[in-house]
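Just the heavy atoms: all of them, side chains too, but no hydrogens, waters or symmetry mates, feed the values below.
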Amino acid sequence: MTRLRLHWEAALALAAATGLWLLAAQALWRSTHLPSLDLPHLDPHRYFNSAFLDHSSSYELFLAIVGVLSSITLVVVLAIYARRGASLVRESAAGRVGTGMLLAMIGFALVWLAQVPFGLATLWWQRDHHVSHQGYLEWLLLSFLSLGSVFVFVCVGVAIAMGLAGVMRSWWWLAAAPVFVGLALLFTFLSPCLIPNTSPLHSPVLRAEARALERIEGTPEARLEVEDLKRSTTAPNAVSTGLGPSRTMILWDTLLNGGFSRSQIRFVMAHEIGHLAHDDSLKQAGWLALFLIPTLGLIAFFTRRRGGMAEAEAVPIALLVLVTLELLAGPALNLVTRRQEAAADWAALEATRDPAAGRETMRQLAIKSRSNPDPPSWIYGLYENHPTIMQRIAMAEAWKAQDSE
Amino acid sequence: MNAIPTDQESAPAAPIRLTIDDDLARNRLLVFFRLIFSVPYLIWLAIWAIGAFFAAIGNWAATLFRGEPPASLHDFLARFVRYATHVYAYLYLASEQAPSFSGRPGNSVDLEIDPPRRQNRWTVAFRAVLALPGIAIVGVLAGTGPTSVASQSGGQFRSLSLLVVAAFLGWFYALIRGRMPRGLRDLVAYALAYAAQLWGYLLVLTDRYPTSDPFALLRSLPTRSDPVWLEVRDGLRRSRLTVFFRLVLAVPHLVWLTLWGVLAALAAILNWFATLAAGTSPRWLHRFLAAFVRYQLHVSAFLYLTGNPFPGFVGAEGSYPIDLHVGPRQRQNRWTVLFRLILAVPALILAGAFSGLVGIAAVLGWFAALATGRMPPGLRNAGAFALRYMSQANAYLALVSPAYPYSGPCLEQAPAPEPTVPGP
């Protein structure tokens with residue numbers, strides 16, 4: 001094991017950097033305002049019948065177990081690849097950076113291959129519970145072909161990291177982090193144009209309501225789109241994305257045609273507009289920066305034995321470090337997104353002043369997605385990037401109680 | 001230097017061999033009415049085919065039972081295959097000599113077929129299934145084409161085989177010049193030779209699987225020194241892992257190629273004006289477009305499994321084992337520059353037909369390489385042959401080369417150094 005020897009100056013610099021990092025994280029955390037509520041623990045049986053609770057519990061448990069096994073496989077595959085992947089250098093005639101790109105792509109290709117059984121198991125489970133309509137072959141083909149777009153981003157990332165490492169040697173990561181954050185912002189800006197099967201929201205009623213909510217929540221008008229997903233899933237959803245002039249709210253057609261009332265759709269829109277009003281895309285870029293700086297630094301540290309990121313042979317190790325840190329950071333990042341989602345829920349309650357709609361929306365979302373309203377804490381910690389349905393219902397009840405006081 | 005290694009050089013001669021004794025001269029009148037003159041031969045071929053069908057079943061059963069085709073049936077079917085080759089060589093202008101109705105040897109484009117030999121009974125039993133890859137290749141080489149290609153308007157059209165395109169272009173050329181171009185004649189002969197080997201395999205005349213290697217199918221090939229030529233230094237080993245993911249691994253290259261292609265199209269237009277004015281391409285444009293054409297070849301070779309390693313992103317000469325050498329810029333005839341787009345149309349049509357060949361070679365090669373970790377030499381060389389033509393067509397279109405692409409298989413060597421145009 002490599003012994004880390006730090007001179008006291010280096011230790012001081014590291015401590016100062018850690019302190020700065022913590023200060024930045026604290027500032028970013030506080031930038032999402034959430035009233036300090038003492039949410040009551042509600043009994044799920046008051047809102048859902050026992051059959052549904054049992055059903056959703058087993059449904060989510062299976063998916064969570066598949067998720068854990070999939071993550072373990074992912075790390076094992078990448079660990080093996082980190083040991084043996086460098087020999088694939090001989091399959092390239094693309095020079096230093098091109099070979100690094102190839103090794104990165106092969107790493108992700110192997111990960112895809114290893115995760116196919118888990119993906120198929122998940123699809124089988126979702127089909128069995130009527131959450132997905134997608135065929136196995138269609139899923140396999142789409143999933144395989146989507147590797148192509150993943151590879152484009154992987155190549156850009158590797159080219160930047162290796163290009164910078166070629167010039168700056170072991171300090172490349174300091175320059176790479178802002179470049180990656182810049183690219184993430186660019187991607188967020190362009191993302192509304194990259195989402196397929198979208199069309200403008202035509203309903204004049206919903207458009208008028210969205211505009212009214214934007215005025216209430218104090219945010220400029222965003223583009224309103226509908227995404228056609230009914231052929232692949234029955235789960236309802238909505239997303240907000242984009243930056244500045246590209247800010248867009250996208251409603252899934254499964255929400256618009258999924259038996260939700262007008263007030264419930266209005267609540268969902270208010271929630272998404274809440275995200276736009278809170279600039280959550282920008283804040284996520286901030287969190288990405290905070291994640292990337294130590295992650296890239298650790299990649300630079302762990303790849304030293306293979307000549308650093310400037311060498312193609314180091315890429316398999318870099319992948320292992322990146323993915324492992326991403327998995328480890330997952331629960332912490334879930335904390336952040338859960339806070340942003342809770343703040344958006346609160347904004348929706350304030351804007352609509354309709355806690356009944358909020359409560360019923362959450363109930364419907366859970367039923368349509370077979371989502372466990374009150375999952376075990378390990379699933380909550382590892383996978384939930386939203387508050388639980390019961391927490392969200394509790395927030396609606398808390399808002400109602402506060403409003404009536 | 002032999003540009004494409006002929007891995008079959010030391011292999012025993014194929015049991016069905018095409019021979020050519022043709023001086024390329026064509027009678028314009030006979031060429032003009034070639035289709036009509038061929039009708040009686042085609043009718044006779046159709047009648048003969050009915051008998052050959054039943055004879056083939058008998059030959060299959062007898063060979064399965066005895067392990068060797070009976071001499072009489074073998075002779076009958078060999079004559080049928082030979083006659084079919086004569087007819088199609090005549091129809092598609094590879095031969096000027098009208099076929100005899102007997103299928104006896106003696107035509108200027110002829111077949112040598114070995115006498116019956118023992119065959120592996122297992123391959124006899126499953127002959128029709130085993131022949132499927134060969135049938136797919138013959139569809140691209142000599143059929144109406146098994147593939148449909150979506151047109152831009154959303155409609156569909158059937159792709160034309162190399163044989164049909166070569167004959168169609170050769171018909172115009174022969175009418176004007178009174179001779180068949182060597183390249184097109186050899187291309188037709190290549191397709192006929194493959195079809196003959198496939199028929200021989202299907203009709204159980206031989207158990208040797210047909211090879212699509214143009215260098216093995218045609219015995220006397222010209223040696224050429226074109227300004228744009230292909231060099232193959234790659235072996236046949238393939239990494240199963242990169243073969244399996246070949247399509248998606250090529251995506252970043254295809255994205256980069258598209259972006260570069262936009263610039264290259266603008267540069268080609270600029271090059272057209274500059275060459276029309278000065279008689280030669282500006283040095284920097286020549287270098288830029290040559291690198292683009294070379295990069296296009298590298299990416300295609302990787303995508304279509306003609307080459308094994310992952311290529312670089314800059315199209316550098318010598319960086320890839322399937323490489324395109326582009327000679328220095330040369331003075332070009334301004335008339336051919338002025339009408340380059342029109343002049344390139346036949347080459348582009350033929351390049352389209354060649355894309356079918358490289359495509360089918362890639363699909364079949366993908367399965368073969370996944371199973372064996374090795375690309376069959378016939379498929380590799382057929383792909384390289386197609387890519388060479390396509391690259392030459394691209395170079396001609398972009399005014400990188402004044403030489404019209406050569407459509408036949410050939411041995412290539414580096415051109416002798418020519419006086420290059422002095423720089424500005």
Next item on the list: Give the minimum heavy-atom separation between Ile360(B) and Ala136(B), together with the two atoms involved.
Entry: CD1-CB, 3.8 Å
Checklist line | Leu254(B) portion near chain A, given a 4.5 angstrom heavy-atom threshold | finding: neither
Next item on the list: Just give me the residue among Phe245(B), Phe302(B), Phe313(B) that pairs up with chain A most often, heavy atom to heavy atom, under 4.5 Å.
Entry: Phe245(B)
Note to self: My understanding is that only residues two or more places apart in sequence, or in another chain, count here; which of them pass ring pair (Phe, Tyr, Trp, His ring centres under 6.0 Å) with Tyr389(B)?
What the structure shows: Phe354(B)
Notebook entry, point to check: So do the side chains of Arg388(B) and Trp229(B) get within less than 4.5 Å of each other, counting heavy atoms only?
Noted result: no
Check: Under a 4.5 Å heavy-atom cut-off, does chain A meet the side chain of Phe244(B), its backbone, both or neither?
Finding: both
Check: Backbone N or O of Met390(B) within a donor-acceptor pair of the Asn394(B) side chain at under 3.5 Å?
Finding: yes
Checklist line | Closest non-hydrogen atom pair, Ser212(B) against Ala382(B) | finding: O-CB, 3.5 Å
Margin query: Under a 4.5 Å cutoff for heavy-atom pairs, which residue among Val154(A), Leu147(A), Leu88(A) has the most contacts with chain B?
Written below: Leu147(A)
Notebook entry, point to check: Out of Gly95(A), Gly148(A), Ala93(A), which one racks up the most heavy-atom pairs below 4.5 Å with chain B?
Noted result: Ala93(A)
Note to self: Restricting to ring pair (Phe, Tyr, Trp, His ring centres under 6.0 Å), what partner residues turn up for Phe153(A), sequence neighbours left out?
What the structure shows: Phe187(A)
Checklist line | Contacts of residues 103-111 of chain A with chain B (heavy atom under 4.5 Å) | finding: Met105(A), Ile106(A), Ala109(A), Leu110(A)
Item checked: Heavy-atom closest contact (Ala351(B) atom, Ala393(B) atom, distance) -> CB-CB, 4.3 Å
Which N or O donor-acceptor pairs, by atom type, sit under 3.5 Å across chain B and chain A?
residue	atom	partner	partner atom	Å
Arg237(B)	NH1	Glu91(A)	OE2	3.2
Arg237(B)	NH2	Glu91(A)	OE1	3.2
Arg237(B)	NH2	Glu91(A)	OE2	3.0
Asn308(B)	ND2	Glu91(A)	OE1	2.9
Phe310(B)	N	Glu91(A)	O	2.8
Phe310(B)	O	Ala93(A)	N	2.7
Phe310(B)	O	Ala94(A)	N	3.3

Item checked: Over 12 foreign heavy atoms within 6.0 Å of CG, Leu194(A) -> yes
Next item on the list: Identify the two heavy atoms, one from Ala395(B) and one from Val228(B), that lie closest to each other, and give their separation to 0.1 Å.
Entry: CB-CG2, 3.8 Å
Checklist line | Non-hydrogen atoms of Met168(A) and Ala175(A) that approach each other most closely | finding: SD-CB, 3.5 Å
Notebook entry, point to check: For the side chain of Asp213(B) and the backbone of Phe215(B), is there at least one donor-acceptor N/O pair under 3.5 Å apart?
Noted result: yes
Note to self: Restricting to non-hydrogen atoms, name the atom on Ala353(B) and the atom on Val140(B) that form the minimum distance, rounded to 0.1 Å.
What the structure shows: O-CG1, 4.5 Å
Next item on the list: Counting only heavy atoms closer than 4.5 Å, note whether Leu241(B) contacts chain A via side chain, backbone, both or neither.
Entry: side chain
